[in-house]
Amino acid sequence: MASSLKLHPSGNGLRFLPGYFDRQAQESLVGEIRQAIAQAPLFQPVMPRTGKAFSVRMSNCGPLGWVSDIDGYRYQPHHPDSGRTWPPIPQRLLDLWEDVAAGAPEPEACLINFYAPGARMGLHQDRDEEDLSAPVVSVSLGDTAVFRVGGTNRKDPTTSMKLASGDVVVLGGNARLAFHGIDRVLAGTSTLLANGGRLNLTLRRVTPVRQEG
DNA sequence: TAGTATCG
DNA sequence: GACG
């Protein structure tokens with residue numbers, strides 16, 4: 001009981017899969033993400049309206065990528081700096097999606113968040129997707145993060161949990177629109193990334209499925 | 001308010 | 001000084 005996840009307040013829509021990827025798989029993923037970042041360099045997102053910089057740097061792979069700039073949040077097919085299309089989502093992540101989001105249409109975006117030591121992410125909802133029926137699937141790589149999750153109202157109570165390298169979190173069902181964020185990254189807790197920090201990969205379906213016909 | 005500083 |  002001591003180590004089990006309390007279901008309140010996110011209900012049974014939050015699934016925590018600790019140790020989903022073993023070390024070897026994590027190393028492969030890091031290599032694949034490094035390749036993606038070589039093609040689509042990390043960019044510096046800023047808050048809409050205020051232009052204040054995020055402490056997290058981002059890139060994407062997949063047909064669509066999430067960006068934030070002075071004009072707002074949106075998904076777009078091109079890197080904001082280079083104008084190039086995003087690189088493909090690694091097969092290993094498509095396999096993960098098939099495993100934990102079976103039945104959902106294929107993911108269109110994989111947001112790559114890089115947390116250098118000291119970077120954080122405030123409490124927020126993932127709600128820029130047109131199709132909110134598919135879950136959001138998150139992979140943690142590198143240093144352990146202190147993750148905070150609440151309910152669908154910003155004022156709802158929150159709980160925190162540590163996300164270690166290789167852990168997977170699925171936000172689906174009544175947790176699909178749960179507020180969540182990263183309070184801090186615990187330096188020196190992983191040897192996966194040579195220079196420390198944390199990579200977080202989140203797979204999302206963005207557009208509704210269009211039926212053939 | 002997907003930020004950050006500050007405060008209790 | 002850590003935490004929320």
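Convention: sequence-line order gives letters A, B, ...; per-chain numbering from 1.
Here B/dG3 presents its C1' atom at 15 Å from NE2 of A/His180, a figure rounded to the nearest Å. When the P atom of B/dA2 is taken as reference, atom CZ of A/Phe147 falls 15 Å away, rounded to whole Å. The distance between atom CG of A/Leu171 and atom P of B/dA2, rounded to the nearest whole Å, is 15 Å. Atoms CD1 (A/Ile70) and P (B/dG3) sit 15 Å apart, rounded to a whole Å. What separates CG of A/Asp126 from P of B/dA2 is a distance of 10 Å, to the nearest Å. If you measure from atom CG of A/Asp128 to atom P of B/dA2, you get 9 Å, rounded to the nearest angstrom. Rounded to whole Å, atom C1' of B/dA2 lies 12 Å from atom CG of A/Asn200. Nucleotide B/dT1 holds its P atom 14 Å from the CZ atom of A/Arg127, rounded to whole Å.
Judged by a 6.0 Å distance limit and a 45° cone about the ring axis, A/Arg154 is not positioned over the six-membered ring of A/Phe179.
Checking A/Thr207 against A/Glu130 by side-chain atom types alone, no donor-acceptor pair falls below 3.5 Å. A donor and an acceptor atom, one from each side chain of A/Asp95 and A/Gln91, are located under 3.5 Å apart. Judged purely by distance below 3.5 Å, without hydrogens or angles, the side chains of A/Trp66 and A/Asn60 never pair a donor atom with an acceptor atom. Side-chain contact check for A/Tyr75 and A/Arg204: at least one donor-acceptor pair (N or O, by modelled atom type) lies under 3.5 Å. A/Thr202 and A/Asp126 share no donor-acceptor pair across their side chains, judged by distance under 3.5 Å alone.
The gap from the P atom of B/dA2 to that of B/dC7 amounts to 23 Å, rounded to the nearest Å. Separation of the C1' atoms belonging to C/dG4 and B/dT1 is 16 Å when rounded to the nearest angstrom. B/dG8 and B/dT4 are spaced 22 Å apart, taking the P atom of each and rounding to whole Å.
A/Leu163 and A/Ser140 make their closest contact through CB-OG, 3.6 Å (heavy atoms, listed as atom of the first residue, atom of the second, distance).
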Under-3.5 Å N/O pairs linking protein and nucleotides 2-4 of chain C:
unit_1, atom_1, unit_2, atom_2, d
C/dG4, OP2, A/Arg148, NH2, 3.4

Grab the N/O contacts between the protein and nucleotides 4-8 of chain B below 3.5 Å, and write none if there aren't any.
unit_1, atom_1, unit_2, atom_2, d
B/dT4, OP1, A/Ala53, O, 3.1
B/dT4, OP2, A/Ser55, OG, 3.4

Take A/Arg15 and A/Val100 through the side-chain contact (heavy atoms from CB on, under 4.5 Å) test and state the conclusion after the steps.
CA-CA 9 Å; A/Arg15 279 195 288 157; A/Val100 303; 4.1 Å; yes

The test is side-chain contact (heavy atoms from CB on, under 4.5 Å); show your working for A/Leu29 and A/Leu93 and say whether it passes.
CA-CA 8 Å; A/Leu29 267 176; A/Leu93 295 174; 3.7 Å; yes

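In this structure, A/Phe179 forms no aromatic stack with the base of B/dA2, since the conditions of centre separation below 5.5 Å and plane angle below 30° are not both met.
Of the candidates A/Glu27, A/Glu98, A/Glu32, A/Arg92 forms a salt bridge (Lys or Arg N to Asp or Glu O under 4.0 Å) with just one, namely A/Glu32.
Of the charged side-chain nitrogens involved, none lies within less than 4.0 Å of a carboxylate oxygen, so that A/Asp143 and A/Arg198 do not count as a salt-bridged pair. Classification of A/Asp71 and A/Arg49 as a salt-bridged pair fails, no side-chain N sitting under 4.0 Å from a carboxylate O.
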Bracket notation of DNA chain B in which parentheses pair within the strand, [ ] cross earlier pairs, and | pairs with another strand (Watson-Crick or G-U, under 3.5 Å)
......||

